[in-house]
**Q** 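Quick one: the structure is below, questions incoming.
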Amino acid sequence: SQTIHQWPATLVQPVGSPLSLECTVEGTSNPNLYWYRQAAGRGLQLLFYSVGIGQISSEVPQNLSASRPQDRQFILSSKKLLLSDSGFYLCAWSAQGASIYGYTFGSGTRLTVV
Amino acid sequence: AQSVTQLGSHVSVSEGALVLLRCNYSSSVPPYLFWYVQYPNQGLQLLLKYTSAATLVKGINDFEAEFKKSETSFHLTKPSAHMSDAAEYFCAVTAWTGGFKTIFGAGTRLFVKA
């Protein structure tokens, strides 16, 4: 069966520090991968999505970047964190051409920038 | 472009009472509709989905939703609330706009009173 792993679960980082969040999927090949951010009391904001290795689409210009170095690995990064980067970050996957069947989400990373 | 509106950011019901969470959508093409549930500090879990088959869709934990095209609605119901249903619920719409794109609603937090 397919599983999605996301880590770390929580992270407290100072302003100006770098960030690296990792997401991996098991049990499937060539998935679509997504990074969402959920701010307190708000819905989900799509940050990046990827349909293949090295293929990244950015939905919102910001202080973050994403990379997909391997088929089932998706990384969210920042060189210098801002206070506004705080939030709950969720990784998700869907089968290629099958987003009409919904997404599977990871357990999320709570990022607090101090 | 599509959009999703969830009516009521907070809904409170008594244990054993009917749960009704409202979702209205807008889409210029046939939509695919979803409900997800999120427990505190966890990722989203797919509850149910409408993918153009039966208009009444049954999901996990006795939740169901009915697609009403004339009302552009996809409300989520459960006959009898349990304390364990307390969570945040997200409605989402996926539609083809040169590629499949998914939009999430802002979420409705469900409180269940003993």
Side-chain angles (χ1 to χ4, degrees), chain A residues 1-11 21 23-25 31-52 55 57-60 74 86-112, chain B residues 1-10 21 23 25 27 29-53 57 59-60 63 65 67 74 76 87-109:
Chain A
S1 64
Q2 302 93 354
T3 56
I4 179 169
H5 302 280
Q6 191 179 340
W7 68 93
T10 60
L11 194 58
L21 302 180
C23 171
T24 59
V25 180
N32 289 338
L33 296 171
Y34 309 86
W35 278 112
Y36 281 88
R37 178 169 59 199
Q38 188 177 19
R42 302 176 70 174
L44 280 77
Q45 178 186 34
L46 178 62
L47 302 176
F48 302 95
Y49 68 93
S50 172
V51 299
Q55 300 179 62
S57 296
S58 173
E59 289 291 303
V60 182
F74 204 25
S86 293
F88 193 51
Y89 289 81
L90 290 160
C91 181
W93 77 273
S94 68
Q96 280 283 350
S99 58
I100 63 171
Y101 298 111
Y103 296 171
T104 300
F105 284 84
S107 55
T109 295
R110 174 80 54 195
L111 172 66
T112 303
Chain B
Q2 67 266 42
S3 65
V4 180
T5 301
Q6 290 185 241
L7 300 175
S9 58
H10 297 85
L21 304 182
C23 173
Y25 70 91
S27 177
V29 297
Y32 301 91
L33 297 161
F34 308 86
W35 276 100
Y36 290 85
V37 59
Q38 184 182 32
Y39 298 101
N41 293 311
Q42 294 186 28
L44 278 70
Q45 177 184 2
L46 184 64
L47 265 182
L48 49 79
K49 57 181 179 281
Y50 166 75
T51 55
S52 75
V57 181
I60 60 174
F63 281 97
F67 171 65
F74 191 57
L76 181 70
E88 188 150 23
Y89 293 80
F90 291 90
C91 182
V93 58
T94 296
W96 178 265
T97 55
F100 281 113
K101 185 170 185 178
T102 298
I103 300 294
F104 286 85
T108 297
R109 184 164 295 279

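Here is how names work: the chains are called A, B, and so on, in the same order as the sequence lines, proteins then strands, and each is numbered from 1. The model shown is predicted, which means the values in this text are computed figures rather than measured ones.
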**Q** Looking at A/Gly106, A/Gly108, A/Ser107, A/Ser94, which has the largest count of heavy-atom pairs under 4.5 Å with chain B?
**A**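 The option with the most such pairs is A/Ser107.
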**Q** Can you say whether A/Tyr36 sits under 4.5 Å from chain B via the side chain, the backbone, both, or neither, judging by heavy atoms?
**A** side chain
**Q** State whether the side chain of B/Tyr36 and the backbone N or O of A/Tyr103 hold a donor-acceptor pair below 3.5 Å, judged by distance alone.
**A** yes
**Q** Between chain A and each of B/Gly43, B/Ala92, B/Pro31, count heavy-atom pairs under 4.5 Å; write down the option with the most.
**A**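 Greatest number of close heavy-atom pairs with chain A: B/Gly43.
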**Q** Is any side-chain heavy atom of B/Phe104 less than 4.5 Å from a side-chain heavy atom of A/Gln38?
**A** no
**Q** Within a 6.0 Å radius of atom OH on A/Tyr89, are there more than 12 heavy atoms belonging to other residues, nucleotides or ligands?
**A**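 Yes - once you tally the heavy atoms of other residues, nucleotides and ligands closer than 6.0 Å, there are more than 12.
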**Q** Would a 4.5 Å heavy-atom cut-off, applied to side chains only, mark B/Gln38 and A/Leu90 as touching?
**A**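 They are in side-chain contact.
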**Q** Looking at B/Asn41, B/Thr94, B/Thr51, B/Leu46, which has the largest count of heavy-atom pairs under 4.5 Å with chain A?
**A** B/Asn41
**Q** Taking atom CZ as the centre, does B/Phe100 end up with more than 12 heavy-atom neighbours from other residues, nucleotides or ligands that are less than 6.0 angstrom away?
**A** yes
